[in-house]
Amino acid sequence: MIYAENIFLCIVVPLAVSLLFVRGGAKRFVLSFLIGMGICLVGAYISGFLSLAVDMTTEEVSVFLSPIVEEIAKLLPLLFYLHVFRPEDDAVFLCAIAIGVGFATFENCCYILTAGAESLPYTLVRGLAAGVMHVVSMLVLAFGLVLIRRFRVVSLAGIVGALSLSMTFHALYNLLVSQPGLSSVIGYVLPLATAGVLYLPFRRLMIPSV
């Protein structure tokens with residue numbers, strides 16, 4: 001058994017203090033990273049409660065429930081940032097990536113503390129597959145939100161469409177890795193492969209970095 005809240009506080013406190021001494025893009029990244037960690041913790045609470053309420057197995061939760069809960073939770077702060085502060089596209093990507101990295105970092109810390117870090121293959125899978133998956137899902141959301149804003153078609157349908165793509169990618173990864181053999185291998189490769197595919201359009205959309 002681990003105490004996720006204690007781990008959360010241990011990581012958050014020095015990062016929160018660092019916010020007093022950084023500015024600009026660095027400050028936005030650290031703050032978004034902290035938000036991503038908080039979303040991971042809250043999302044685990046919500047998924048756990050709902051799984052008990054509807055009596056789902058662990059595999060069913062990972063495929064059908066967690067992608068919905070986690071992607072909606074990750075979208076909300078990004079939408080708030082977009083509509084309140086009207087940031088440039090590069091700032092949207094910066095915050096989206098930081099939220100994904102924060103979520104993945106805290107989730108990986110909890111999993112590794114639960115299962116142990118003795119197995120190098122396991123830790124590599126957690127970092128290169130599950131960790132990258134959360135970053136890619138946030139990139140998909142950011143791409144969708146930036147494109148609908150650029151084409152001036154910001155609407156509920158457009159936001160739901162971007163969210164649906166993110167959820168589908170997350171659920172597909174969880175489904176693939178839940179089955180042993182070739183299916184899990186494809187699942188482990190999927191996040192990095194998708195990140196590679198997204199790199200070129202990202203470079204074309206990205207305004208010079210903050």
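Along the sequence shown, the residues carry numbers beginning at 1.
Looking at Ser166, its side chain does come within 3.5 Å of a backbone N or O of Ser137 through a donor-acceptor pair. Side chain of Ser47 to backbone of Ala44: no donor-acceptor contact under 3.5 angstrom is found. Of the possible polar contacts, one joining the Tyr173 side chain to the Ala130 backbone as a donor-acceptor pair under 3.5 Å is found.
Nearest heavy atoms, Cys110 versus Thr114: O-OG1, 2.8 Å. Heavy atoms only, all atoms of each residue included: Ala142 and Val92 are closest at CB-CG1, 4.4 Å. Minimum interatomic distance between Ala91 and Tyr81 (heavy atoms only, all atoms of both residues): CB-OH, 3.5 Å. Nearest heavy atoms, Cys109 versus Ile11: SG-CD1, 4.0 Å. Residues Asp55 and Glu60 approach most closely at O-OE1, 4.5 Å, considering heavy atoms. Closest approach of Leu198 and Phe143 over heavy atoms only: O-CZ, 3.8 Å.
Asn174 is listed as a side-chain neighbour of His170, based on a closest heavy-atom distance under 4.5 Å. In this structure, the side chains of Leu19 and Leu34 come closer than 4.5 Å at one or more pairs of heavy atoms. No side-chain heavy atom of Met138 sits under 4.5 Å from any side-chain heavy atom of Leu75. Using a 4.5 Å heavy-atom cutoff, the side chains of Ile39 and Pro77 are in contact. Using a 4.5 Å cut-off on side-chain heavy atoms (C-beta onward), Met133 and Thr194 make no contact. Using a 4.5 Å heavy-atom cutoff, the side chains of His83 and Leu79 are in contact.
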Output a table of donor-acceptor pairs, distance under 3.5 Å, between side-chain atoms of residues 95-105 and any protein atom two or more places apart or on a different chain; print 'none' if there are none.
residue	atom	partner	partner atom	Å
Thr105	OG1	Val101	O	2.7

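No chain of hydrophobic side-chain contacts below 4.5 Å, direct or via other Ile, Leu, Val, Met, Phe, Trp or Tyr residues, connects Leu31 to Phe85. When the side chains of ILVMFWY residues are joined at heavy-atom separations under 4.5 Å, either directly or via intervening members, Ile35 and Val22 end up in two distinct hydrophobic clusters. No single ILVMFWY cluster, assembled from side-chain heavy atoms under 4.5 Å apart, contains both Tyr199 and Val140. Cluster annotation: Leu15 and Val13 are assigned to distinct hydrophobic clusters (Ile/Leu/Val/Met/Phe/Trp/Tyr, side-chain heavy-atom contacts under 4.5 Å, transitive). In terms of hydrophobic clustering, with Ile, Leu, Val, Met, Phe, Trp and Tyr side chains grouped at heavy-atom distances under 4.5 Å, Leu128 and Leu190 are assigned to a common cluster.
The CD1 atom of Ile112 lies 11.0 Å from the CD1 atom of Ile7; values are rounded to the nearest 0.5 Å. Atoms CD and OG, from Glu59 and Ser62 in turn, are 6.0 Å apart once rounded to the nearest 0.5 Å.
Phe64 shares a hydrophobic cluster with Val42, Ile46, Phe49, Leu50, Val54, Met56, Val61, Val63, Leu65, Val69, Leu175; the chain of contacts runs through ILVMFWY side chains whose heavy atoms sit under 4.5 Å apart.
More than 12 heavy atoms of other residues, nucleotides or ligands lie within 6.0 Å of OH in Tyr122, so this atom counts as buried by the packing criterion.
Applying the salt bridge (charged side-chain N to carboxylate O under 4.0 Å, His left out) rule to pairs touching residues 95-107 yields Glu107-Arg126, sequence neighbours excluded. Applying the ring-ring contact (aromatic ring centres under 6.0 Å, His included) test to every pair with at least one member in residues 10-47, sequence neighbours left out, gives no pairs at all. Here side-chain hydrogen bond (donor to acceptor under 3.5 Å, both in side chains) pairs that include residues 8-18, with residues two or more places apart or in two chains, number zero. For residues 61-72, the pairs satisfying salt bridge (charged side-chain N to carboxylate O under 4.0 Å, His left out) are Glu71-Lys74, with sequence neighbours left out.
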